[in-house]
Amino acid sequence: MKIGILTVSDKGARGEREDRSGPAVRKIMEAAGAEIVQTGVVADEKALISAVLVKWSGEGLDLILTTGGTGFSPRDVTPEATRAVIEREAPGLAEVMRRAGMDKTPTAMLSRAAAGIRESTLIVNLPGSEKGARESLEAILPALGHGIEILKGTASECGKPAPKDQP
């Protein structure tokens with residue numbers, strides 16, 4: 001699985017805050033056997049976020065995980081940037097992340113995270129806090145590999161190998 005991790009943070013982009021969520025996500029995904037091929041930090045600007053998502057999905061990444069910009073702040077625009085570039089939504093992923101987060105933090109219901117598909121790339125928004133990003137990713141990790149296999153045509157919906165006549 002080829003992955004990109006994009007941290008969305010004004011302070012991170014200016015070098016005023018150390019990114020902790022991106023490295024935490026990287027550690028989890030590497031432990032799961034993923035290959036991290038892109039990482040980056042951008043400011044909370046819809047156009048910047050969307051541009052990276054389009055570029056990376058065009059490079060054939062299987063999965064792009066964003067961290068940050070999913071809350072109620074006026075500068076939190078990651079879900080809007082994601083929805084602007086995806087072709088199909090995957091709402092179950094965001095629903096599971098919110099539900100799992102609420103088991104530990106009641107304010108997790110305030111997350112506006114989105115998830116969806118652009119071309120053959122799955123894009124998932126994670127919270128910006130290290131703890132929130134880690135917990136959210138761990139909640140959906142069991143389904144990510146299978147979802148990407150289905151997206152790539154290497155598995156069927158029921159978990160069996162896809163028929164050879166599928167693209």
Side-chain angles (χ1 to χ4, degrees), residues 1-32 34-87 89-119 121-141 144 148:
M1 191 182 325
K2 294 181 180 181
I3 297 179
I5 301 168
L6 180 65
T7 298
V8 179
S9 167
D10 287 331
K11 289 182 180 180
R14 291 191 303 259
E16 297 172 2
R17 178 184 293 160
E18 177 187 359
D19 175 23
R20 292 194 171 143
S21 58
V25 167
R26 179 183 194 118
K27 184 176 179 180
I28 291 168
M29 294 310 299
E30 285 177 339
E35 177 187 0
I36 312 304
V37 296
Q38 291 282 8
T39 61
V41 179
V42 296
D44 290 272
E45 296 288 341
K46 185 178 172 184
L48 292 174
I49 301 163
S50 292
V52 173
L53 298 177
V54 168
K55 181 179 185 293
W56 288 2
S57 61
E59 294 172 356
L61 293 183
D62 299 313
L63 174 65
I64 299 172
L65 298 167
T66 70
T67 68
T70 62
F72 278 20
S73 167
R75 298 282 300 155
D76 289 337
V77 295
T78 304
E80 288 75 19
T82 300
R83 287 187 186 100
V85 302
I86 61 173
E87 297 151 351
E89 289 194 52
L93 295 170
E95 291 166 7
V96 166
M97 290 188 299
R98 279 187 281 274
R99 187 184 66 216
M102 286 182 54
D103 289 342
K104 298 173 182 170
T105 308
T107 57
M109 70 177 74
L110 300 177
S111 171
R112 300 179 318 102
I117 299 162
R118 178 181 174 81
E119 298 173 359
T121 303
L122 178 61
I123 301 170
V124 179
N125 302 152
L126 302 170
S129 76
E130 178 183 355
K131 179 179 182 277
R134 192 176 55 249
E135 290 174 354
S136 293
L137 180 56
E138 289 169 349
I140 63 170
L141 190 59
L144 288 181
I148 290 168

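Computation of the quantities below employed the complete heavy-atom set of this structure, encompassing side-chain atoms and omitting hydrogens, waters and symmetry-equivalent molecules. The first residue in the sequence is number 1, and the count goes up from there.
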Are the side chains of [X] and [Y] in touch, meaning some heavy atoms are under 4.5 Å apart?
{"X": "Glu35", "Y": "Met29", "answer": "no"}
{"X": "Arg83", "Y": "Glu89", "answer": "yes"}
{"X": "Thr105", "Y": "Lys131", "answer": "yes"}
{"X": "Glu135", "Y": "Asp103", "answer": "no"}
{"X": "Thr7", "Y": "Val25", "answer": "no"}
{"X": "Asp76", "Y": "Asp44", "answer": "yes"}
{"X": "Arg118", "Y": "Ile64", "answer": "no"}

For this session: Would you indicate whether Arg17, at its atom CZ, is surrounded by more than 12 heavy atoms from other residues, nucleotides or ligands within a distance under 6.0 Å?
Result: no
Exercise. Would a distance-only check, ignoring hydrogens and angles, find a side-chain to backbone donor-acceptor pair under 3.5 Å from Thr70 to Ser111?
Worked result: no
For this session: Kindly say whether Ala81 contributes a backbone atom to a donor-acceptor pair with the side chain of Ser50 at under 3.5 angstrom?
Result: yes
Tell me the closest heavy-atom pair linking [X] and [Y], and the distance in Å.
{"X": "Leu137", "Y": "Leu126", "value": "N-CD2, 4.0 Å"}
{"X": "Gly69", "Y": "Pro79", "value": "O-CD, 3.2 Å"}
{"X": "Ile3", "Y": "Ala34", "value": "CD1-CB, 3.2 Å"}
{"X": "Met109", "Y": "Arg98", "value": "O-CD, 4.2 Å"}
{"X": "Gly68", "Y": "Thr78", "value": "O-OG1, 2.9 Å"}
{"X": "Ala100", "Y": "Ala139", "value": "CB-CB, 3.6 Å"}

Working to the nearest 0.5 angstrom, can you tell me the gap between [X] [atom1] and [Y] [atom2]?
{"X": "Arg20", "Y": "Thr67", "atom1": "CZ", "atom2": "OG1", "answer": "13.0 Å"}
{"X": "Leu53", "Y": "Ile123", "atom1": "CG", "atom2": "CD1", "answer": "4.5 Å"}
{"X": "Ser73", "Y": "Arg112", "atom1": "OG", "atom2": "CZ", "answer": "9.0 Å"}
{"X": "Asp19", "Y": "Lys11", "atom1": "CG", "atom2": "NZ", "answer": "14.0 Å"}
{"X": "Leu63", "Y": "Ile36", "atom1": "CG", "atom2": "CD1", "answer": "8.5 Å"}
{"X": "Ile28", "Y": "Glu138", "atom1": "CD1", "atom2": "CD", "answer": "4.5 Å"}

For this session: Apply the test side-chain contact (heavy atoms from CB on, under 4.5 Å) to residues Arg99 and Val96: give CA-CA distance (whole Å), side-chain angles for both, the deciding distance (0.1 Å), then the verdict.
Result: CA-CA 5 Å; Arg99 187 184 66 216; Val96 166; 4.1 Å; yes
Exercise. Out of Lys55, Gln38, Glu119, which residue meets the side-chain contact (heavy atoms from CB on, under 4.5 Å) rule with Leu61?
Worked result: Gln38
Seminar exercise, completed: Checking Val8, Leu65, Thr66 against Asn125 for side-chain contact (heavy atoms from CB on, under 4.5 Å), the one that qualifies is Thr66
For this session: State plainly whether the residues Glu30 and Arg26 are in salt-bridge range, i.e. N to O under 4.0 Å.
Result: yes
